[in-house]
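When a residue number appears, it is its place in the shown sequence, counting from 1.
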Amino acid sequence: MESNALWLIPLILLPGVGLLVMSTSSRCAQVQAESAGIARDPAGSRIESELLRRRSGLCRDILISLYVGVGLLACAVLVGGLASQWLQPYAWLAVVLTGAAVASLVYAVFLLIRESLLAMDLVEERHRRPEASGPESGEP
């Protein structure tokens with residue numbers, strides 16, 4: 001592998017990961033706001049509350065995975081830069097760090113897909129609730 005690629009490849013990936021972190025943080029803030037609203041609303045269903053709790057846990061896991069990916073990419077840039085100039089025998093470490101970062105990001109993407117599916121389940125539950133009857137919907 002060319003010595004400049006050791007630090008350029010992880011550096012090129014960082015802005016995209018930053019966008020994922022920002023958009024995921026926004027989604028997590030929305031989940032927290034919805035959770036607070038459900039907690040204050042006695043008519044909110046237990047199903048909605050459970051879906052929001054699960055989404056909140058996924059948001060936490062997604063952000064942790066994304067932060068790990070950012071940290072690994074930053075380390076790969078540092079190690080790759082040093083290896084390209086002075087520590088050529090350690091060039092393999094930059095490749096390993098970049099691979100680990102990509103694995104962490106792929107995991108975060110799978111979690112984002114799961115969170116999106118839960119968000120859709122929540123929307124469907126909210127559309128069902130006004131039509132439902134019984135104690136869950138607040139009707140006798």
Engineer: If I compare all heavy atoms of V31 with all of E115, which pair ends up nearest, and what's the gap?
Structural biologist: CG2-OE2, 4.1 Å
Engineer: Please assess L13 against V102 for the test side-chain contact (heavy atoms from CB on, under 4.5 Å), listing each intermediate value before the final yes or no.
Structural biologist: CA-CA 9 Å; L13 293 174; V102 169; 4.2 Å; yes
Engineer: Between M120 and V109, is there shared hydrophobic-cluster membership here, with clusters defined by ILVMFWY side-chain heavy atoms closer than 4.5 Å?
Structural biologist: no
Engineer: For V68 and L72, what are the C-alpha separation, side-chain angles and deciding distance, and is it a side-chain contact (heavy atoms from CB on, under 4.5 Å)?
Structural biologist: CA-CA 6 Å; V68 166; L72 289 169; 3.8 Å; yes
Engineer: Quickly, which of E34, R54, E50 forms a side-chain contact (heavy atoms from CB on, under 4.5 Å) with L122? Name it, please.
Structural biologist: E34
Engineer: For the CG atom of L11 and the CG atom of L78, what is their distance to the nearest 0.5 Å?
Structural biologist: 11.5 Å
Engineer: To check you understand the geometry: which heavy-atom pair defines the closest contact between G69 and A101, and what is its length?
Structural biologist: O-CB, 3.6 Å
Engineer: Ignoring hydrogens and geometry, is there a side-chain-to-backbone donor-acceptor pair from S104 to A100 under 3.5 Å?
Structural biologist: no
Engineer: Rounded to the nearest 0.5 Å, what separation is found between the CG atom of D121 and the OG atom of S116?
Structural biologist: 11.0 Å
Engineer: Is L58 reachable from M22 through a run of hydrophobic residues whose side-chain heavy atoms are each under 4.5 Å from the next?
Structural biologist: no
Engineer: Which heavy atom of L66 sits nearest a heavy atom of A108, and at what distance?
Structural biologist: CD2-CB, 3.7 Å
Engineer: Please determine whether residues V123 and L51 belong to a single hydrophobic cluster, defined as Ile, Leu, Val, Met, Phe, Trp and Tyr linked transitively by side-chain heavy-atom distances below 4.5 Å.
Structural biologist: no
Engineer: List the steps, then state whether side-chain contact (heavy atoms from CB on, under 4.5 Å) holds for S35 with R55.
Structural biologist: CA-CA 10 Å; S35 294; R55 281 184 69 196; over 6 Å; no
Engineer: Donor-acceptor check, side chain of S65 to backbone of D61, threshold 3.5 angstrom: yes or no?
Structural biologist: no
Engineer: Is it true that I12 and V70 fall in one hydrophobic cluster, defined by side-chain heavy atoms closer than 4.5 Å?
Structural biologist: no
Engineer: Go through Q32 and S56 one step at a time and tell me if the side-chain contact (heavy atoms from CB on, under 4.5 Å) criterion holds.
Structural biologist: CA-CA 7 Å; Q32 295 302 322; S56 180; 2.9 Å; yes
Engineer: Rounded to the nearest 0.5 Å, how far does CZ of R27 lie from CG of L63?
Structural biologist: 11.5 Å
Engineer: Of L112, L19, L111, which is the lone residue that meets side-chain contact (heavy atoms from CB on, under 4.5 Å) with T24?
Structural biologist: L112
